[in-house]
Amino acid sequence: MKAFITNIFNAVSDNLISGGAYYNIAKAVFVTLFMTLTAWLIAAVLGILVSYLMCYEKKVISAVGRGICFIFRSVPAILTLWLFYYCIFGKVSLSGMIIAGVAVGFWGAGHFSEILARSIRKEQERLGSRITGKLEQIYFSAVIPQAIEDSLFDLKRLAVHILQWTAAAGYIGVNDLTEVMYGIGHRTMYPFFSIFFAAILYMIATLLIEGMFSIIKKLLENNGEDEEE
């Protein structure tokens with residue numbers, strides 16, 4: 001028992017304290033959060049714009065929107081990451097974590113737009129209307145908020161997937177959480193502990209995302225009840 005406790009203590013000390021590991025982990029957590037927030041912001045803004053094109057009345061514009069959505073969501077996030085890093089921003093002096101956030105954001109935009117467009121089409125079928133005339137004028141002020149409210153569960157899952165895909169940033173040399181914990185495990189020869197600790201941090205981040213969406217859902221429900229009164 002004493003030897004077991006000693007091994008645990010040594011694992012914690014070597015992986016989380018010695019060599020300034022705690023500082024590197026803290027920076028890695030910041031990098032991962034920054035990439036996730038950047039990717040989510042881009043996915044939301046771009047996804048809303050693409051969904052607008054997808055649901056437009058004119059077939060040519062709608063086809064363009066569906067094509068953009070198909071490309072964004074079909075190309076694997078890791079390939080999009082390489083494309084942005086080595087080709088699009090290859091000759092630009094830009095931080096890797098920004099490039100990773102943008103790349104994952106474009107991948108997420110494809111899924112974001114598809115989620116919204118699916119919700120909007122269901123509403124259109126229910127109302128028997130198209131996005132034209134007056135409805136087109138209220139698309140961003142009324143249609144999109146309602147579609148987001150109806151799609152919170154799918155958007156929550158997408159947010160978690162975006163968080164997980166930021167782990168691919170290590171392929172372009174970004175010291176995100178996964179990359180840093182891998183390096184620590186390789187250095188200390190405690191790979192299980194470093195992997196386990198990283199998994200715990202990602203699970204905590206996932207719980208925070210789910211908690212945030214739960215709060216948003218309650219706020220929307222309360223706001224809906226107040227409007228009915």
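All values below come from the heavy atoms of this structure, side chains included, with hydrogens, waters and symmetry mates left out.
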Cluster overlap Ile204 with Ile195, hydrophobic side-chain contacts below 4.5 Å: no
Please state whether the rings of Phe84 and Phe89 are parallel, tilted or perpendicular, taking 30° and 60° as the class boundaries. tilted
Looking only at atom types and distance, does a side-chain atom of Ser151 sit under 3.5 Å from a main-chain N or O of Ile148, one as donor and one as acceptor? no
Check the pair Val31 / Val174 against side-chain contact (heavy atoms from CB on, under 4.5 Å), numbers first and verdict last. CA-CA 8 Å; Val31 169; Val174 177; 3.6 Å; yes
Determine whether Phe106 and Leu37 fall in the same hydrophobic cluster, where Ile, Leu, Val, Met, Phe, Trp and Tyr are linked whenever their side-chain heavy atoms lie under 4.5 Å apart. no
Listed once per pair and sorted, the ring pair (Phe, Tyr, Trp, His ring centres under 6.0 Å) pairs that draw on residues 12-39, sequence neighbours left out: none
For Arg157, check salt bridge (charged side-chain N to carboxylate O under 4.0 Å, His left out) against everything at least two apart and list the hits. Asp154
Measure the spacing between CE of Met35 and CD1 of Ile162 and express it to the nearest 0.5 Å. 12.5 Å
Under the 3.5 angstrom rule, does the side chain of Ser74 hit a backbone N or O of Ile71 as a donor-acceptor pair? no
Under 4.5 Å between any side-chain heavy atoms of Thr80 and Val104, yes or no? no
Answer yes or no: is there a side-chain heavy-atom contact under 4.5 Å between Thr32 and Thr178? no
Side chain to side chain, Lys156 and Leu152, heavy atoms closer than 4.5 Å: no
Just how far is it from atom CG of Leu83 to atom CD1 of Ile78, taken to the nearest 0.5 Å? 11.5 Å
Can you tell me how far apart CG (Leu116) and CZ (Arg121) are? Round to the nearest 0.5 Å. 11.0 Å
Any heavy-atom pair between the side chains of Asp176 and Glu179 that's under 4.5 Å? yes
Is there a donor-acceptor pair under 3.5 Å between the side chain of Ser62 and the backbone N or O of Met54? yes
Once you round to the nearest 0.5 Å, how far does CD of Glu221 lie from NZ of Lys218? 9.0 Å
Do Phe197 and Met181 have side chains that approach each other closer than 4.5 Å (heavy atoms only, starting at C-beta)? yes
Would you please classify the geometry between the His111 ring and the Trp107 ring as parallel, tilted or perpendicular, with 30° and 60° separating the classes? tilted
If you compare all heavy atoms of Leu81 against all heavy atoms of Ala168, which two are closest, and at what distance to 0.1 Å? CD2-O, 3.2 Å
Applying side-chain hydrogen bond (donor to acceptor under 3.5 Å, both in side chains) to Thr188 and not counting sequence neighbours gives Asn15
Count the heavy atoms belonging to other residues, nucleotides or ligands that lie under 6.0 Å from OH of Tyr86, then report whether that count exceeds 12. yes
Are Tyr182 and Leu201 linked, directly or through other ILVMFWY residues, by side chains that come within less than 4.5 angstrom of each other? no
For the residue pair Asp150 and Ser119, what are the closest heavy atoms and their distance? CB-OG, 3.6 Å
Check Leu208, Ile209, Leu33 against Leu163 for a side chain to side chain contact (heavy atoms under 4.5 Å, CB included) and give me the one that passes. Ile209
Atom CZ in Phe112, atom CH2 in Trp40: separation rounded to 0.5 Å? 5.0 Å
Distance col, row Leu177:CG vs Lys27:NZ, nearest 0.5 angstrom, shows 13.5 Å
Starting from the C-alpha separation in whole Å, work towards a yes-or-no answer on side chain to side chain donor-acceptor pair (under 3.5 Å) for Tyr52 and Ser113. CA-CA 8 Å; Tyr52 176 76; Ser113 60; over 6 Å; no
Quick check on the hydrophobic clustering: are Ile88 and Phe72 connected, directly or via other members, by side-chain heavy-atom contacts under 4.5 Å? yes
Same cluster or not: Phe70 versus Tyr56, using hydrophobic residues (I, L, V, M, F, W, Y) connected whenever any side-chain heavy atoms lie under 4.5 Å apart? no
To check you understand the geometry: which heavy-atom pair defines the closest contact between Leu158 and Gly108, and what is its length? CD2-O, 3.8 Å
Looking only at non-hydrogen atoms, find the nearest pair between Ala100 and Ala169 and report the distance. CB-CB, 3.8 Å
If you define the side chain from C-beta out and look only at heavy atoms, does anything of Ile144 sit under 4.5 Å from Ile120? yes
